[in-house]
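Below you'll find the structure, written out as structure tokens, and then a few comments.
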Amino acid sequence: MPNKRKPANRNGNRGKKKPDNRGRNNYSQSSKKVNDIHEIEYTDGITVGELADKVGRQSSEIIKMLFLEGKMVTINSPLEDETVELICIGYDIEPIKVKEREEDSLEVENTSDEEKLEERPPVVTIMGHVDHGKTTLLDTIRRTKVAQGEAGGITQAIGAYQVQINGRKVTFLDTPGHEAFTAMRARGASVTDIAVIVVAADDGVMPQTREAVDHAKAANVPIIVAVNKMDKPDANPDRVKQEMADLGLMPEEWGGETIFVPTSAKSGDGIDDLLETILTVADVKELKADPSQIATGSVIEAKLDKGRGPVATLLILNGTLHQGDPVVVGTSFGKIRKMIDENGHELKSAGPSSPVEIIGLNDVPEAGDMFRNYEDEKEARSVADRRKRRKIEADRRKTTSVTLEDLSAQIEAGEIKEIPVIIKADVQGSAEAVKSSMEKLDVSGVRVNVIHATAGAITESDIMLANASKAMIIGFNVRPDANIRKKAEEAGVEIRLHNIIYKATEEMELAMKGMLEPVYEEVVIGQAEIRETYKASKVGTIGGCMVTDGKLRSNSRIRLIREGIVIYTGRLGSLKRFKDDAREVLSGFECGITVENYNDIKVGDTIEAYEEQEVPVE
């Protein structure tokens, strides 16, 4: 019988199957690599892919491990500290968390020798009430003291400019107001060296003046008061000094530290004195920088130009910036294609305290973002990408303001020594009373720091100041509208509303003692705007409403709000749709209402419906 031979396989080996070594070498190498790793360093927001590389494993292996723990992730998902520790424990590796990579930080350590430091121009922000001559003062300075060779017909190309006084330069930030000033500070920018607050001599301190003082104090910069409009017959500078002294800015001639300079922006009187004063204050601060260092600074403003793309105005704080430099600005990056000064002249380089406008970024940065230059454009792109990813994750987790609920825990941990608070009330007297009551509280060495207290509705500017100062807002007889509530929620700012002073102080004191146990929580269920009013002899005043947010319920508790101030608190008397009684009316629908025991309803008033829900004590 013929001998049967087994058919040859593809590689010519008869009868013997080639051993499958796929993955065996990889596995042994991987095991060896893992066995050699005993600890790793990681930064906040490390992704699954990055961690897999550090521990020497496949990303799919970690994704599977987390899936079995009930967590759905991808290779680019950022991981929290607890998750990183869980994964590392599984591989017997010790995780060590470190701060942001040095190469990703835009702050550069100043290693300059004293010999290399040079005097730099002071950076000045002018703030004040809208009608007190702030813009005229800026225009007068720009017109009379602009750099030589630019006299006549000056084109203001960017939102900052430099003037020369006795051969020395001063940089002015032409910001829209203290909202922009605070928005920059909220993002960590400390670009201003000196704040000049303009007060009209014939008008005195106004609400926006108080706000400007509070913003400048919170930024911890020297303040110079320009008493403007001295050319007017009813100018009263002593009144201005007294009112500013009440705000904590005591004039030098009264034994204080604040310099008051009489000016007239219209005639130009006092402008030289103001500029000389600015230089004197700058000399005391000894402002210096090293032009040879890496260029760093902040964004003053940024926009998207249809023809030029993203355009950013930068203020250089240290070092020298050159045309063609790769830069990282916040989470944006690019190569500077063009750099111009405030007069529209193209620059090849710019030194400390110089404002410049640059073109060449891939995206529009935010006011207050930090920037620095790099040698390599590829490195700049890599740093910007990592910063952008971390910022997105940080924004999701971030809560910047202080909340009463976690206050006692932070006090116990020794993290808080003072609680920053903003107070808004229906009248100035109430604001002062609440402020006085709050400042008297002293529990376990913790005190309340009222950084702003004034009359009026809670505004977007208050939210920005609270965000920048990590403060909470206490409203007394005022109510924020739906838009302000939303902005506060987005910024992580807590708003506490009261109508009895001792209740507000009692709540704060209990929180400071760590005994905060709220029994009821107020929930706003809807808002409506009064569009028409009708008089009915038997019923009283009927309000024709449009429900703008949430819903109105029959017999619900309501507040009648006029221009942000609470006018009346009570209940709905009736709620109708057309001629029929309604149990509730939803947002976007019209209805008719009456208010129990109250008839002074006017067009433009807001009806806020709310209810109190019991909060279980845990």
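When side chains are defined from C-beta on, Ile294 does not count as touching Tyr374, because their heavy atoms never get closer than 4.5 Å. With contacts defined as side-chain heavy-atom distances shorter than 4.5 Å, the pair Phe371/Thr296 does not qualify. The side-chain heavy atoms of Asp481 and Ile484, taken from C-beta on, include a pair separated by under 4.5 Å. Within the 4.5 Å cutoff, the side chain of Ile224 has no heavy atoms near those of the Thr258 side chain. In this structure the side chain of Lys348 never reaches within 4.5 angstrom of the side chain of His322, judged on heavy atoms. Looking only at side-chain heavy atoms (C-beta outward), Val566 and Asp426 stay at 4.5 Å or farther from each other. Taking the side chain as every heavy atom from C-beta outward, Val170 and Gln164 never approach each other to under 4.5 Å. Annotation: side chain of Ile197 is in contact with side chain of Val199 (closest heavy-atom distance under 4.5 Å).
Panel note: side chain Thr331, backbone Arg387; no donor-acceptor pair is recorded below 3.5 Å. For Asp325 (side chain) and Val327 (main-chain N/O), no donor-acceptor pair under 3.5 Å exists by modelled atom type. Looking only at distances, a side-chain donor or acceptor of Thr277 sits under 3.5 Å from a matching main-chain atom of Asp273. Put simply, the side chain of Gln162 gets close to the backbone of Ser353: a donor and an acceptor are under 3.5 Å apart. Of the possible donor and acceptor atoms, none in the side chain of Glu439 sits under 3.5 Å from a partner among the backbone N and O of Val448. Of the possible donor and acceptor atoms, one in the side chain of Asn373 sits under 3.5 Å from a partner among the backbone N and O of Ala295. Although no hydrogens or angles enter the test, the distance criterion places a donor-acceptor pair under 3.5 Å between the side chain of Asp462 and the main chain of Thr459. Side chain of Asp341 to main chain of Gly344: a donor-acceptor pair is present (N/O by atom type, distance under 3.5 Å, no hydrogens or angles). With hydrogens and angles disregarded, no donor-acceptor distance shorter than 3.5 Å links the side chain of Asn236 to the backbone of Asp202. Ser354 places no side-chain N or O within 3.5 Å of a backbone atom of Ala350 that could act as its donor or acceptor partner.
Applying the 6.0 Å contact sphere to NZ of Lys285 captures more than 12 heavy atoms from other residues, nucleotides or ligands. Heavy-atom neighbours of Glu563 CD from other residues, nucleotides or ligands within 6.0 Å: at or below the threshold of 12. Surrounding NZ of Lys335 are at most 12 heavy atoms belonging to other residues, nucleotides or ligands under 6.0 Å away.
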*Should Ser461 and Glu211 be marked as a side chain to side chain donor-acceptor pair (under 3.5 Å) after you check the CA-CA gap, both sets of side-chain angles, and the distance that decides it?*
CA-CA 9 Å; Ser461 176; Glu211 210 165 306; 2.6 Å; yes
*Give the intermediate values and the outcome of side chain to side chain donor-acceptor pair (under 3.5 Å) for residues Thr505 and Ser437.*
CA-CA 7 Å; Thr505 53; Ser437 300; 5.5 Å; no
*asked:* Run Met438 and Ile419 through side-chain contact (heavy atoms from CB on, under 4.5 Å) and show every step you take.
replied: CA-CA 10 Å; Met438 288 289 178; Ile419 305 159; over 6 Å; no
*From CA spacing to verdict: side-chain contact (heavy atoms from CB on, under 4.5 Å), Met127, Val198*: CA-CA 6 Å; Met127 301 188 290; Val198 181; over 6 Å; no
*Where do Ile336 and Ile359 land on the side-chain contact (heavy atoms from CB on, under 4.5 Å) test, with the steps shown first?*
CA-CA 6 Å; Ile336 300 176; Ile359 300 166; over 6 Å; no
_Met508/Val421 under side-chain contact (heavy atoms from CB on, under 4.5 Å): CA gap, chis, key distance, verdict_ = CA-CA 11 Å; Met508 181 62 75; Val421 169; 4.0 Å; yes
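Looking only at atom types and distance, the side chain of Thr280 has no donor-acceptor partner in the side chain of Asp283 under 3.5 Å away. Side-chain N/O atoms of Thr454 and Arg210 include no donor and acceptor closer than 3.5 Å. Side-chain polar atoms of Thr192 and Thr125 form a donor-acceptor pair below 3.5 angstrom.
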Check residues 259-268 and write down every donor-acceptor pair under 3.5 Å in which the side-chain atom is one partner and the other belongs to a residue at least two apart or another chain.
unit_1	atom_1	unit_2	atom_2	d
Thr263	OG1	Asn228	OD1	3.2
Ser264	OG	Asp231	OD1	3.1
Ser264	OG	Ser267	N	3.3
Ser264	OG	Ser267	OG	3.0
Ser267	OG	Asp269	N	3.4
Ser267	OG	Asp269	OD2	3.2

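Note that the CD1 atom of Ile340 and the CD1 atom of Ile358 stand 11.0 Å from one another [nearest 0.5 Å]. Here Met244 contributes atom CE and Thr209 contributes atom OG1; the two are 7.0 Å apart, rounded to the nearest 0.5 Å. Interatomic distance, NZ of Lys424 versus CD1 of Ile473, reported as 8.0 Å (0.5 Å rounding). Going from atom CD of Glu286 over to atom CG of Leu117 covers 11.0 Å, rounded to the nearest 0.5 Å. In this structure, CZ on Phe476 lies 4.5 Å from CD1 on Ile501, to the nearest 0.5 angstrom. Expressed to the nearest 0.5 Å, how far CZ of Arg479 lies from CD1 of Ile565 amounts to 12.0 Å.
When every heavy atom of Gly319 is checked against every heavy atom of Pro352, the shortest pair comes out as O-CD, 3.3 Å. What you find for Ile458 and Pro480 is that their closest heavy atoms are CD1-CD, 4.2 Å. Residues Pro365 and Ala302 approach most closely at O-CB, 3.4 Å, considering heavy atoms. In terms of heavy atoms, Ile165 sits closest to Glu276 at CG2-OE2, 4.1 Å. Nearest heavy atom pair, residue Ala491 against residue Asn467, reads O-OD1, 3.8 Å. Ile278 and Pro122 get closest at one heavy-atom pair: CG2-CG, 4.3 Å.
In this structure, Glu357 pairs ionically with Arg308, as a charged nitrogen and a carboxylate oxygen lie closer than 4.0 Å. Salt bridge annotation for Arg168-Glu119: present, with a cationic side-chain nitrogen under 4.0 angstrom from a carboxylate oxygen. Salt bridge annotation for Glu507-Arg496: present, with a cationic side-chain nitrogen under 4.0 angstrom from a carboxylate oxygen.
Residue pairs meeting the salt bridge (charged side-chain N to carboxylate O under 4.0 Å, His left out) criterion with at least one partner in residues 237-256, sequence neighbours excluded, are Arg239-Glu243, Lys241-Glu253.
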